[in-house]
Protein chains: 2
Amino acid sequence: MDQEARSRRQRLALRKATQDENLFGRLQAAATASRSQAQRLLSSAGGLSITQWRILWDLEEAGPLTVQDMATIQRTDHSLVSRALSVMRDKGYVETVTNPEDKRQSLIRMTAAGAHAFANAAPTMKERRESLADIFEPNEIATFLSLISRFETHLNQPSEEPK
Amino acid sequence: MDQEARSRRQRLALRKATQDENLFGRLQAAATASRSQAQRLLSSAGGLSITQWRILWDLEEAGPLTVQDMATIQRTDHSLVSRALSVMRDKGYVETVTNPEDKRQSLIRMTAAGAHAFANAAPTMKERRESLADIFEPNEIATFLSLISRFETHLNQPSEEPK
DNA sequence: AGAAATTATGTGACTTGTCACGCAATATCT
DNA sequence: AGATATTGCGTGACAAGTCACATAATTTCT
């Protein structure tokens, strides 16, 4: 290892230490790791995608629901829900009827096949949720959620006029 | 609005309230909102993608660096860095030489064109970072980072054997 | 020294997620 | 009543991000 490589190693270490304190990057990486974990768990429990799992879970808890309902619950874009539903209809997990009260809306309900896929994934995902209690006290989770809320509120503020 | 719609509205509200306390979903949504904000800001400041911005920033602060270095700093996968670099080389923002010490490694440095693109985006991204102080005290940011660290550590643990 | 294992980078295929857009339905305004 | 604005859903194009894989280079083991 020559002087240049030593220097690069030092620069890398300093830079990494700086970025360890960068909330934006850290939040992004944690969310990404969380998502990968969910994907791995779901892959071992029937192979649902995350959005498919979320849709089935919402339908189980509160169905029948519209695309917009589920996008709201999941804090995600309706187009992602719509796209996942397309696959799920093909697989027979959900069925869709037009809402007679508003013909723009699709009302989605879970089928028996969907319930089976849900039941396959539910235990491991429940365990995942409950395992948070292994590392956080309830007040710590509340703090975490509160910090997240304040971060989100700030993101959604109109930016000030450029100076 | 008939009884069924009223019922659906109630179910939706309850379900949403439950998911408001779901740390996994909240973290994911916050990270996504943060990313969208960054994309909007960068779009108005020269049009760099987030990964391109991060690469230029790393090179500015600590370059020249390898793909692996930057993936480590950014807590992201090397393949994302590699892909972004391909575009950036085409645009003339970076140049790549093989590291004489290890011929597998590419050493990446920023060009003058890259420095120009960086300088275009840097003020707005600096302002973004600094605006966190408008909403969080330093100890609050430290708490936030600590909670994120513990969350990540937990995610990376081998899962227990299924019971 | 040679074989086997590991590592760095690039590429492919896929998912999550955004924003833009189109079209039909609904709500609001005149 | 008719015109205009808004809304719900589906689709396209793209970016962030993962994992798998290939290939060449390097390291480790025998």
Side-chain angles (χ1 to χ4, degrees), chain A residues 1 5 8 24-25 27-44 47-55 65-72 74-89 96-108 155, chain B residues 1 5 8 24-25 27-43 47-55 65-72 74-90 96-108 155:
Chain A
M1 185 185 305
R8 208 183 94 242
F24 296 109
L27 197 64
Q28 194 64 51
T32 296
S34 177
R35 186 173 69 194
S36 289
Q37 189 205 40
Q39 283 173 328
R40 272 194 308 273
L41 292 174
L42 288 169
S43 179
S44 303
L48 290 174
S49 75
I50 291 178
T51 308
Q52 288 168 10
W53 156 253
R54 284 177 177 163
I55 287 171
L65 294 166
T66 67
V67 171
Q68 184 74 270
D69 292 340
M70 288 189 279
T72 298
Q74 296 171 27
R75 289 171 152 82
T76 193
D77 194 82
H78 77 275
S79 53
L80 197 57
V81 172
S82 191
R83 215 167 326 250
L85 283 174
S86 178
V87 174
M88 292 169 83
R89 272 191 293 261
T96 304
V97 295
T98 303
N99 184 355
E101 288 221 328
D102 183 340
K103 292 188 174 48
R104 298 172 301 182
Q105 294 186 331
S106 309
L107 269 176
I108 297 115
L155 290 178
Chain B
M1 183 186 305
R8 208 183 92 243
F24 296 108
L27 198 64
Q28 192 63 54
T32 296
S34 176
R35 186 173 69 191
S36 289
Q37 187 204 44
Q39 281 173 330
R40 273 196 306 274
L41 293 174
L42 288 169
S43 179
L48 291 174
S49 74
I50 290 178
T51 308
Q52 288 168 10
W53 157 252
R54 284 178 176 158
I55 287 172
L65 295 166
T66 66
V67 170
Q68 184 75 270
D69 292 340
M70 289 190 278
T72 298
Q74 296 171 26
R75 290 172 151 82
T76 192
D77 194 83
H78 76 278
S79 52
L80 198 58
V81 173
S82 191
R83 217 169 323 253
L85 283 174
S86 178
V87 175
M88 293 169 82
R89 270 191 295 259
D90 289 347
T96 304
V97 295
T98 302
N99 184 356
E101 288 222 326
D102 183 340
K103 293 190 171 46
R104 300 172 301 182
Q105 296 185 329
S106 308
L107 271 175
I108 297 115
L155 289 179

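Quick note on labels: first sequence line is chain A, next is B, and so on, each numbered from 1.
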Q | Nucleotide C/dT11, atom P - distance to CG of B/D90 in whole Å | A | 11 Å
Q) In whole angstroms, how far is the P atom of D/dG10 from the CZ atom of A/R104? A) 13 Å
(Q) Donor-acceptor check, side chain of A/T32 to backbone of A/Q28, threshold 3.5 angstrom: yes or no? (A) yes
Q.
How long is the straight-line distance from CG of B/L107 back to CZ of A/R8, given to the nearest 0.5 Å?
A. 5.5 Å
Q: Calculate the interatomic distance between A/D69 atom CG and D/dC9 atom C1'; express it in whole Å.
A: 13 Å
Q. Roughly, in whole Å, what's the span from CD in A/E101 to P in D/dT7?
A. 18 Å
Q.
Hydrogens and angles aside, do B/D69 and B/T66 bring a side-chain donor and acceptor to less than 3.5 Å of each other?
A. yes
Which atoms of nucleotides 15-18 of chain C (N or O only) lie under 3.5 Å from a protein N or O atom, and what are those distances?
| from | atom 1 | to | atom 2 | distance (Å) |
| --- | --- | --- | --- | --- |
| C/dT16 | OP1 | A/I50 | N | 2.5 |
| C/dT16 | OP2 | A/S49 | OG | 3.4 |
| C/dG17 | OP1 | B/Q28 | NE2 | 2.9 |
| C/dG17 | OP2 | A/R54 | NH1 | 3.0 |
| C/dT18 | OP2 | A/D77 | N | 3.2 |
| C/dT18 | O3' | B/S36 | OG | 3.4 |
| C/dT18 | O4 | A/R83 | NH2 | 3.2 |

Q) Step by step, would you call B/L27 with A/L27 a side-chain contact (heavy atoms from CB on, under 4.5 Å)? A) CA-CA 8 Å; B/L27 198 64; A/L27 197 64; 3.4 Å; yes
Q) Does A/H78 offer a backbone N or O that forms a donor-acceptor pair with the side chain of A/S82 under 3.5 Å? A) no
Q) Taking atom P of C/dT9 as reference, at what distance in whole Å does atom CD of B/Q68 sit? A) 6 Å
Q: Check the distance between D/dG8's P and A/L107's CG and give it to me in whole angstrom.
A: 13 Å
Q) Between C/dG10, D/dT26, D/dG8, which nucleotide has the shortest distance from any of its atoms to the side chain of B/R89? A) C/dG10
Q. When you match B/K103 and A/S86 each to their closest nucleotide on DNA chain D, which lands nearer the 5' end?
A. A/S86
Q: Give a yes or no on whether the backbone of B/S49 and the side-chain of B/Q52 come within a donor-acceptor separation of less than 3.5 Å.
A: yes
Q.
How many whole angstroms separate atom CE of B/M88 from atom P of C/dT9?
A. 15 Å
Q | Integer-rounded Å distance: D/dG8 P and A/L65 CG | A | 14 Å
